[in-house]
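Atoms considered below: every heavy atom in the structure, side chains included; atoms not considered: hydrogens, waters and symmetry mates.
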Amino acid sequence: MRDGVRLATEVWLPREEGRFPTLIHRTPYDRRLLINFSEPLTPSIFRLLDAGYAVIHQDLRGTGDSEGEFVPSLNDRTDGPDTIDWVTRQDWSDGSTGMFGSSFDGFVQWDAAYEGAEGLRAIAPVTSSADRYKGGWYSAGGGFSLNTAHMWTAAQTAALVARSLTSAPDAERPALEARVENLVSEVAEPKESLESMPWRDAPAFQESPWWAAWADHPARDDYWQNHGAADRIDQIQVPALIITGWYDLFCNVDLGAFQRLRESGASEDVRGGSRLVVGPWHHGYTEGRYPDRSFTHRGDASMMDLSTTFVAFYDRWLREKKDSLDGVAPVKLFVMGINEWRDELSWPLPDTKYVDYFLSSTSGARSVNGDGKLSSADPAADGIDMFVCDPQDPVLTRGGRSLFHSGEYQPTGPANQAEIEQRGDVLCYSTSPLDDPIEVTGAVEIRLHVQTSARDTDFHAKLVDVYPDGRAILLTEGMLRLRYRDSLESPSLATPGETYEITVEVGCTSNVFLPGHQIRVEIAGSNFPRYDRNTNTGGHIAAESAAEAIVADNSVLHGPSHPSRLVLPIIDRQ
């Protein structure tokens, strides 16, 4: 690298002699473990070699066999371009490069792309994110992605400590081995640490180079804006093949990045050449079959032969084979409910109609246990529904978009919410059973008129498909920390008792609600440990103890005077 640090790099070459376009995979997870022979969502190395590409596998700075210190995203803006420069100067390189890889291995692709690395022609970030705040360690609503950040930090720090064992003096090895064992236990049994407050002071992470920094930057300030390409996507000059899943934690940011590339990319190649694939998957799981809902064999990524799509994409942009993408649709989506793949021309879909479904309660009753109403008809009467946000008794996560399983808090993905809906602090609003199918494909929002007794609190929302047998299957979820109602960059505390109109980004999905099913939205004050608990004081949440936390009395107002409503992207092609 430009500062003299050396990165461990493997070069795989095709059998024949010559100069080759080169595909680069950079990872913090040990390159030797991630050389891919058959994984469904990233290309098989054998397929790439047989197609005439050289392939690079590299350990990021401070990981695997590479020199230096690993701090997430700190050096990737320079190390990526330096690697590409090195590749293009080799006698086996034809000067043209692309990149691939999933999760964090996609982060580094976005970094290289917005740095304008010379010789880079295309990227293929899979289940990844251009925005480290919204699509990684925090969220679009300002809540900390506690489970994801905790589990990833424990696993990654364990690997870093284990790496240090190779050069440690004998006297230091027992303490290091104990630390590795402790961190591995954090991954296997995270409950105690997840429930501890303040979360900033989690004992296992006091030596992590990044944990305290994440805690100390709860707003989307310069720290986060300088980590990632999200604010510079319109400057990117290489097309992207983006692959994600409806239950992947990066899904919403992936879809937003694709939309921006297509609408405002820096060149016609970027705008016309980028591609998107979205399946019924969560992070690291691509079979499409879950305990509470199966998407059949059609949802299994191993049935798709995505390596062919990768090769066609690289052939177009690294070899300039102008017809190689002719059979690859700009957008390929799995539509849940009917369990079908569909080719589309753009995202959002051009025939999307946004329809308001208004919230109401029955005879003034609180909308718990499913007695709230959801209707596209104009609301008839004003009402108010109240619930508490109690940090000591949070609504527990069931399914959705998390990085790992967490024992009693999961499974990840389309989990049944029926048990959660029985709580007295979860509001439910449902349509009547449907006579005809309704397709919802796109970004879902809920616009609420709310009040709270606190200076700050959280509003969580889930879109749920209710089956005739009573299963309430989660489709997508989101939240808003009230202090971020106007801006993620400039928080503003609330005035207790004042009414605010807020928008919660519930997230993206594609689902057909079948006849006999109901569309439901849940509203609550927490979704733990998917997100951290709001202490409701208006203070620095990461640093506050359980003793400092207070209960917030929250309300949702609805009716003609305060038209709280779910906004659904409806597709009607009949």
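Here the side chains of Lys353 and Asp351 are not in contact, with every heavy-atom distance at 4.5 Å or above. Under the 4.5 Å side-chain criterion, counting only non-hydrogen atoms from C-beta, Ser139 is not in contact with Lys134. Residues Cys508 and Trp246 meet the side-chain proximity criterion, which asks for heavy atoms closer than 4.5 Å.
Electrostatic pairing of Arg47 and Asp305 counts as a salt bridge here, judged by a charged N lying under 4.0 Å from a carboxylate O. Using a 4.0 Å cut-off between charged side-chain N and carboxylate O, Asp111 and Arg77 make no salt bridge. Under a 4.0 Å N-O distance rule, the pair Lys321/Asp326 does not qualify as a salt bridge. Note on Asp65 versus Arg32: salt bridge recorded, some NZ/NE/NH1/NH2 to OD/OE distance being below 4.0 Å. Using a cutoff of 4.0 Å between basic side-chain nitrogens and carboxylate oxygens, Glu320 and Lys322 are not scored as salt-bridged. Using a cutoff of 4.0 Å between basic side-chain nitrogens and carboxylate oxygens, Glu439 and Arg342 are scored as salt-bridged. The pair Arg6-Asp59 does not meet the salt-bridge criterion, since no charged nitrogen lies less than 4.0 angstrom from a carboxylate oxygen. Under 4.0 Å is where a charged nitrogen must lie from a carboxylate oxygen, and between Arg271 and Glu268 at least one such pair does.
Formation of a donor-acceptor pair under 3.5 Å by the Thr244 side chain with backbone atoms of Thr127 is not found in this model. Proximity of a side-chain donor or acceptor of Thr97 to a complementary backbone N or O of Ile84 within less than 3.5 Å is not detected. Of the possible donor and acceptor atoms, none in the side chain of Arg483 sits under 3.5 Å from a partner among the backbone N and O of Leu488. Formation of a donor-acceptor pair under 3.5 Å by the Ser526 side chain with backbone atoms of Phe528 is not found in this model. In this structure, Asp343 contributes its side chain and Ala329 its backbone to no donor-acceptor pair below 3.5 Å. Judged by distance alone, with hydrogens and angles left aside, the side-chain atoms of Thr27 form no donor-acceptor pair with the main-chain N or O of Asp30 at under 3.5 Å. Side chain of Thr63 to main chain of Leu60: a donor-acceptor pair is present (N/O by atom type, distance under 3.5 Å, no hydrogens or angles). At distances below 3.5 Å, at least one donor-acceptor pair connects side-chain atoms of Thr352 with backbone N or O atoms of Leu349. A distance-only check finds a donor-acceptor pair linking the side chain of Arg163 to the backbone of Gly64 [under 3.5 Å]. The backbone N or O of Thr441 sits nowhere less than 3.5 Å from a side-chain atom of Ser510 that would complete a donor-acceptor pair.
Between the OG atom in Ser102 and the NE2 atom in His25 there is a gap of 6.5 Å [rounded to 0.5 Å]. The structure places NE2 of His282 at 4.5 Å from OG1 of Thr412, a figure rounded to the nearest 0.5 Å. One distance of note links CD of Glu477 with CZ of Arg401; it measures 6.5 Å at 0.5 Å rounding. Distance check, rounded to the nearest 0.5 Å: CZ of Phe313 to CH2 of Trp317 gives 7.5 Å. To the nearest 0.5 angstrom, Gln259 atom CD is 10.5 Å from Leu276 atom CG. Rounded to the nearest 0.5 angstrom, Phe100 CZ and Leu48 CG are separated by 6.0 Å.
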Inset, instruction - Any chance you could lay out the side-chain hydrogen bond (donor to acceptor under 3.5 Å, both in side chains) test for Asn527 and His460, step after step, and finish with the verdict? - result: CA-CA 7 Å; Asn527 181 5; His460 293 255; 4.7 Å; no
Inset, instruction - Kindly determine whether Phe104 and Trp152 satisfy ring pair (Phe, Tyr, Trp, His ring centres under 6.0 Å), including the steps that lead there. - result: CA-CA 10 Å; Phe104 200 102; Trp152 186 86; 5.7 Å; yes
Inset, instruction - Begin with the C-alpha distance, continue with both residues' side-chain angles, and end with the deciding distance and a verdict on side-chain hydrogen bond (donor to acceptor under 3.5 Å, both in side chains) for Tyr114 and Asp234. - result: CA-CA 9 Å; Tyr114 84 73; Asp234 56 357; over 6 Å; no
Inset, instruction - I would like to know whether Glu186 and Ser193 meet side-chain hydrogen bond (donor to acceptor under 3.5 Å, both in side chains); could you show each step before the answer? - result: CA-CA 7 Å; Glu186 287 289 326; Ser193 288; 2.8 Å; yes
Inset, instruction - Please assess Arg61 against Asp76 for the test salt bridge (Lys or Arg N to Asp or Glu O under 4.0 Å), listing each intermediate value before the final yes or no. - result: CA-CA 8 Å; Arg61 179 184 294 246; Asp76 296 324; over 6 Å; no
Inset, instruction - Go through Asp105 and Ser103 one step at a time and tell me if the side-chain hydrogen bond (donor to acceptor under 3.5 Å, both in side chains) criterion holds. - result: CA-CA 5 Å; Asp105 308 351; Ser103 195; over 6 Å; no
Inset, instruction - Could you please spell out the steps behind the salt bridge (Lys or Arg N to Asp or Glu O under 4.0 Å) verdict for Glu10 and Arg31? - result: CA-CA 8 Å; Glu10 286 188 0; Arg31 73 190 189 283; 3.5 Å; yes
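The environment of Gln206 atom CD is dense: over 12 non-hydrogen atoms of other residues, nucleotides or ligands sit within 6.0 angstrom.
Residues satisfying the salt bridge (Lys or Arg N to Asp or Glu O under 4.0 Å) criterion with Asp269, sequence neighbours excluded, are absent altogether. Listed by chain and number, the residues in a ring pair (Phe, Tyr, Trp, His ring centres under 6.0 Å) with Phe310 amount to none (sequence neighbours excluded). Among residues two or more places apart in sequence or in another chain, the side-chain hydrogen bond (donor to acceptor under 3.5 Å, both in side chains) test is passed with Asp91 by none. By the salt bridge (Lys or Arg N to Asp or Glu O under 4.0 Å) test, Arg485 is found to be paired with no residue, residues two or more places apart in sequence or in another chain being considered. Applying the side-chain hydrogen bond (donor to acceptor under 3.5 Å, both in side chains) criterion to Asp231, with sequence neighbours excluded, gives Arg220.
Figure legend: Arg481 and Tyr138 shown without cation-pi pairing, the cationic atom not lying both under 6.0 angstrom from the six-membered ring centre and within 45 degrees of its axis. A cation-pi contact, defined as under 6.0 Å to the ring centre and within 45° of the axis, links Arg132 to Phe107.
For the residue pair Asp486 and Ser492, no side-chain donor N or O sits within less than 3.5 Å of a side-chain acceptor on the partner. Looking at Arg530 and Ser145, their side chains do bring a donor and an acceptor atom within 3.5 Å of each other.
Shortest non-hydrogen contact noted between Leu13 and Leu49 is C-CD2, 3.8 Å. When all heavy atoms are compared, the tightest approach of Val71 to Pro209 is CG2-CB, 4.0 Å. Closest approach of Pro529 and Leu146 over heavy atoms only: O-CB, 3.6 Å. Contact record, Pro40 with Ser302: CB-N, 3.9 Å, taken as the closest heavy-atom pair.
In this structure, the ring of Tyr290 has its center less than 6.0 angstrom from the ring center of Tyr285. The aromatic ring centroids of Phe334 and Trp281 lie 6.0 Å or more from each other.
Ring orientation note: the planes of Trp210 and Phe70 are nearly perpendicular, at an angle over 60° on the 30°/60° scale.
None of Trp137, Tyr133, Trp199, Tyr223 except one satisfies the ring-ring contact (aromatic ring centres under 6.0 Å, His included) rule with Trp214; the exception is Trp137.
Note on residues 146-158: no pairs pass salt bridge (Lys or Arg N to Asp or Glu O under 4.0 Å), not counting sequence neighbours.
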